[in-house]
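Below, read A as the first sequence line, B as the second, and so on, with proteins coming before strands; counting in each chain starts at 1.
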Amino acid sequence: MSVIYVLLAISVIVAVGFFIAFILAVKSGQYDDSYTPSVRMLFEDELIKDKIEKTVLTKKKD
Amino acid sequence: MEHKTCFHCGLDATKANITFDNKPFCCNGCKTVYEIFTVNNLTCYYDLQTAPGATPKEVAGKYNFLENTKITEKLLEFNSDNVHIVNLYIPHIHCSSCIWILENLNKLNKAISASTVNFGKKTVRISFNPKKTTLKELVILLSSIGYEPYISLEDYSVGKKKTNRSLIYKLGVAGFAFGNVMFLSFPEYFEVGEYWLEQYKHLFRWLMFSYSLPVVFYSAQDYFISAYKGLRSKILNIDVPIALGAAVLFIRSTTEIILDIGSGFFDSLTGLIFFLLVGKFFQEKTYTFLSFERDYKSYFPIGITKITAEGNETSIQVYDIKKGDRLLIRNEELIPVDCILIKGNARIDYSFVTGESKAVNKASGDKLFAGGKQLNGTIEVDVLKSVEQSYLTQLWSNDVFKKDKASAFTSLTNSISKNFTIAILLIAMVATSYWLFVDASKAINVFTAVLIIACPCAIALSAPFTFGNVLRILGKKKFYLKNASVIEQLAKINTIIFDKTGTITSNKNTAITYEGATLSKDEESLLKSTLRGSNHPLSRSLYDILDNENIITLDDFKEHTGKGIEAHYKAQSIKVGAATFVGLQPSKNSLNTAVHISTNNNYKGKYTFYNAYRKGMSKLFNRLKKTYDLAILSGDNEGEKNNLKKLLPSKTKLLFNQKPEDKLEYIKYHQSEGANVLMIGDGLNDAGALAQSNVGIAISENVNIFSPACDAILDASKFNQLANYLKVAKLAFSIIKWSFVLSFIYNFIGLYFAVTGQLAPVVAAILMPLSSISIVVFTTICTNIIGRKLK
């Protein structure tokens, strides 16, 4: 059997795999809101800063 | 004094002089929110954005209806013993701070397990443990930090909405197939006759065939359905030639690979469907946070307080109100049904219903109509009619609200496609019969080639991309259109009708002038001090315009509801209020609202309140009068007639005392005479007129809160730009005409190949995407140029 059948089979499987991933992503609602996640992503830093502030506050109370 | 702005909400805080933690605040409400956030380590809120907050409003008792489990069950999205999920609409969501604080709600209430904001829709989805907290507590918590959710009757009846994602799926399928088919067909474009290609081409072709199956039978199904529907009602819409082209492409390609005479046009077929769907997707993207379909339900509360026969207060659902029930209406609450006032001082604002801007006073025994808003304390009423039978809700039984405007309108694309389809079929016939004589073997080839190449992909794409882009440009300028077809209808308008109150006048400002004897310094100071004690809206606006005087402590102060106020200071007495109250005969000429003043029982003069018109109104009307017929329909009395005549071009028709039905009939009459009417209004009283008109625009001071059902929402601050927006719509229309010319040129080139019988797959594969893409580029550039001209 020629290697081209194997290659074609792989290409189709990979393509279909990505396609299924896309369908699942749409189904789970990832495409419903395309703005909020872009903002939410930036909050990670703020939370860390929050903890630092907390320690400062407790020191002040002492 | 140094100018200070509130650390929480950004309003002026100079006067209030409240300082906490070295930060200025405009009111105690804002300060409280700040305190809540500081205690819970949530001050990050203020780092993300300066002054992001809103002043919390007084909500005591307002949400008592959330104790009724029948109501809460309808509001909850998910309901189990341990988890409740609710999706709340919060109009104040406007920046990243809002997202941050709402997604950290669990720090304020431990019963909340998760909260997710959808910024586009301005909603927050909250999961909480019903054993530890209730929906009512949750809503009160949100209100206390300035994020009051908006809950209306609409939330109750809609149920659980399912988002329709089928277009994304279809687009995904088409894009996926298009990419793979392109990939597989590439070798055959150039390397014909090579050994390994000869050996495997059948496999490649059948693979392409299987990729195209879901495209034709799933992604393209809307075009086939629409073409079928069009044909059945004997309309040749744009989907007819598209469906014809796609069907011919598929059948010819399949026959070719079965008979082994060619590689087929699967690349063009999948590409065509993909581009068309991209156009559709581009056009369909609308403003998710705005609602264009509102009726009275979005204004009405869900629950109302009923007083039972035993004198207890219970919350009941608005639809459960029966004739004869006794209801309690709190301050700032909407009256949901027609009723009779039993107890309390009613001061009803009917601006939603009639457009009349001034609140009216009612005594017990008077009839109150649904849609009015109580402004003055708590009242008790007896119900006369149920919700559906009330005067206001009856308006929605008019047929206007049932018909779909878009379906009644033939777009330019569809009107062109009729002639286009006939022309294409003619060309196909002529070319086929020619080849039947010359070379019969090519005849069927030529026939199908003409139908394939004539598939009006570029024509079908011009309108979605032009309108889609203009929609976006206008959206940035705060003019929000319901969908793209509104632009086309705007371009055809020849008559513009305005509502008066709230549309050409501004709700915020009124102009006040004084007539009569000049007041002495002492009298002015007394007047100001007297007004200070009154909460009447007229007193408040008058108080604000008077110069700063020494505020004196009055010896005696009395407010006579519906009449006026009376005060004594040392030897002086003052009366402020209606003409009869100060001892004057009511004159019939004065239609404008006036506040009369008398001191020591001597009549002094009156302050007259005039409407303040929006900035640039005269200029706008003078610009519009050149191209459009203008008219003003007002629910108000004729008080402003002379004033308006001076301000507006003489041709403008002015009609007063118009009821909601009158407005609707007026527009209907003009439409029957061939006018294309643009109605611009703001309140529920204009709802009928907005629905009847060809295009209805709702003006809104705050686009997130209220607007009746309409085709477009215009931010009040951009009112004077209206003429420019109408011009843009017209320009967009001519861009489409030019892009039609462009796509016809492509069609002629293609037809040359088709008619002469030399349409190779590679020609189709180049020509079809090229025409589509160049149309998209052309329309995008043109619309951006006209968009740049807008201020």
Side-chain angles (χ1 to χ4, degrees), chain A, chain B residues 37-49 93 95-104 107 116-125 163-173 175-177 179-181 183-184 187 196-197 199-200 203-204 206-207 210-211 214 281 285 288-289:
Chain A
M1 202 170 91
S2 171
V3 71
I4 198 132
Y5 291 110
V6 181
L7 287 174
L8 271 177
I10 292 172
S11 93
V12 170
I13 289 167
V14 169
V16 169
F18 275 102
F19 181 66
I20 290 170
F22 170 75
I23 298 286
L24 289 178
V26 175
K27 206 162 228 167
S28 68
Q30 282 190 31
Y31 286 77
D32 293 355
D33 181 9
S34 50
Y35 181 78
T36 327
S38 69
V39 180
R40 194 177 294 139
M41 186 182 85
L42 303 168
F43 290 154
E44 220 68 43
D45 306 339
E46 316 293 336
L47 287 174
I48 294 161
K49 198 183 145 205
D50 206 10
K51 277 173 199 159
I52 298 165
E53 268 184 11
K54 215 184 214 169
T55 50
V56 173
L57 271 174
T58 42
K59 268 178 198 166
K60 264 184 196 168
K61 273 173 194 167
D62 292 341
Chain B
F37 289 166
T38 339
V39 171
N40 292 287
N41 285 314
L42 290 169
T43 42
C44 239
Y45 180 65
Y46 300 100
D47 299 340
L48 294 164
Q49 187 103 25
I93 294 178
C95 66
S96 46
S97 281
C98 303
I99 302 175
W100 187 80
I101 194 74
L102 290 173
E103 297 199 338
N104 280 301
K107 290 190 182 170
T116 322
V117 173
N118 183 327
F119 190 81
K121 288 184 180 147
K122 293 184 190 275
T123 55
V124 61
R125 202 159 170 273
T163 42
N164 185 9
R165 300 180 183 126
S166 72
L167 185 61
I168 301 182
Y169 289 134
K170 283 174 184 161
L171 190 61
V173 170
F176 163 75
N180 281 287
V181 169
F183 187 54
L184 290 170
W196 71 269
L197 194 71
Q199 202 182 347
Y200 295 110
L203 174 70
F204 275 50
W206 284 107
L207 261 177
S210 39
Y211 273 127
F281 181 72
K285 201 182 168 292
T288 41
F289 66 97

Gap between atom CZ of R165(B) and atom CD1 of I23(A) - 0.5 Å precision
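Reported to 0.5 Å precision, the distance equals 11.5 Å.
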Nearest 0.5 Å, please: how far is CG in L102(B) from OG1 in T36(A)?
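Atom-to-atom, T36(A):OG1 and L102(B):CG are 11.0 Å apart.
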Just say parallel, tilted or perpendicular for the rings of F119(B) and Y35(A), cut-offs at 30° and 60°.
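Ring orientation, 0 to 90° scale: tilted.
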Just do the side-chain contact (heavy atoms from CB on, under 4.5 Å) check on I168(B) and F22(A) with the steps written out, would you?
CA-CA 10 Å; I168(B) 301 182; F22(A) 170 75; 3.9 Å; yes
Between V39(A) and chain B, with a heavy-atom cut-off of 4.5 Å, which part of the residue counts as in contact: side chain, backbone, both or neither?
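Answer is side chain: those atoms of V39(A) sit under 4.5 Å from chain B.
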Step by step, would you call V12(A) with L207(B) a side-chain contact (heavy atoms from CB on, under 4.5 Å)?
CA-CA 9 Å; V12(A) 170; L207(B) 261 177; 4.2 Å; yes
Could you give me the CA-CA distance, side-chain angles and deciding distance for V173(B) and F19(A), then say whether side-chain contact (heavy atoms from CB on, under 4.5 Å) is met?
CA-CA 8 Å; V173(B) 170; F19(A) 181 66; 3.3 Å; yes
Side chain R40(A), main chain T116(B), donor-acceptor under 3.5 Å
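No.
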